Amino acid sequence: MATKRCYYEVLSLTKSADSDSIKVSYRKLAMQYHPDRNVGNAEAEVLFKEAAEAYEILRDPEKRQRYDRYGHAGMDGMAMPDFGNADSVMDLFGDLFGGVFGGAGKGKGRRGPQAGNDFHLGIEIDLIDAMKGVEKKVKIPRDVNCKACSGNGCKPGSTPVRCKRCDGKGVVIQGNGFFRIQQTCSGCGGKGATITNPCTSCRGAGLIQEHEELVLNIPPGVDDGVNIRHTGSGEASRNGGPPGDLYVQIKVKKHSFFLRNGADLHCEVPVTFSQAALGGEIEIPSLDGKKIKFKLPAGIQSGEEAKVPGKGMPSLRGTRMGDLVLHVRLETPRNLTKRQEELLRELSELDHKHISPHRKSFLEKLKGLFGQSESDSSKDNKES
Ligand SMILES: [Zn+2]
Ligand SMILES: [Zn+2]
């Protein structure tokens, strides 16, 4: 991933910027780079999302303070809202601009209750965990409904009062005739009601941040890059809608010996010259620490592959087990003992008498090359 730009830099602001200038600056950029005005412009889309992310952090005093102190590192693992999701960007946008660009779309508009934000989380696991499946505990900071007020933001015993400005609709229509702009009511922030006696636990927000521990069941066979969705484990909705979802992206660490390719595991097996020639049983370590006995066929060549069926990875869906693919690497002996050298010299004599198929064709090619130049040139002359 490219280095993230500083949020203040993104919005062309200094660190002392007040909330109004943050809003103004974001509004300017959002107008400039809005997808509706830059159809098919990938660069504009990136800048639009970048500005939206910066705005989302800097407009929230708590997140801004955390960012000021720790920078982007402070935001890691905070499970950022999903900005890759056009809907959430549109929702954010809709809050600011009302209906200028024609609503949030997809029936997820401001009229109905909105789902909470999704969380995205990355988890790194070992290859063995990907083979056997694993339980991972994660702590997720997220806004949950305040228990003291059951999420309505009011001190127990009191209730929200219907907003007079919008008559409880949450939106106001401005302008007339052709240009009618629907805007979120500033009196109640779109909730349709105001709180006169706020809950002391959540200061009227209805939500508090908790670090909830979740046990994630990572299934056997999971591959690098797979996204697991936990429905309803995202952020609580701010206006009575369903909670968002949690997406966990799996990163499988590279193994020092086994290389994974889909359901198959690959590894390199060094064999001696005599093992390759004669064949025989060899022992190979398996991923789960056991030893696999494998019968090496006589005459296997360096670079040739041999398969141990069913000793690879399980597949995420279905029952098939992948294979273990052995890549044979012939090790030429070095630092020979006297006896080894004697035997090899003896063997060498025999090799001259019994020429192997590959060497035979190699020698024939050589012969052909030396005898070729004359016949080749005469052939060329005939053709031209
Ligand atoms: Zn409360
Ligand atoms: Zn209102």
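Ligands are counted one by one from 1 in listed order, and the atoms in each one are counted from 1 as well. The model shown is predicted, which means the values in this text are computed figures rather than measured ones.
- Angle SG(Cys146) to the Zn ion (ligand 1) to SG(Cys202), rounded to 10°: 110°.
- Proximity of Asp245 to Tyr247: side-chain heavy atoms (C-beta onward) are separated by under 4.5 Å at one or more points.
- More than 12 heavy atoms of other residues, nucleotides or ligands lie within 6.0 Å of CD in Glu283, so this atom counts as buried by the packing criterion.
- Of the residues Glu304, His266, Glu268, the one that meets the side chain to side chain donor-acceptor pair (under 3.5 Å) test with His327 is His266.
- Within the coordination shell of the Zn ion (ligand 1), defined by N, O or S atoms under 2.8 Å, Cys154 is absent.
- The angle subtended at the Zn ion (ligand 2) by SG of Cys188 and SG of Cys163 is 120°, given to the nearest 10°.
- Under the 3.5 Å distance criterion, with hydrogens and angles disregarded, a donor-acceptor pair is assigned to the side chains of Tyr7 and Glu53.
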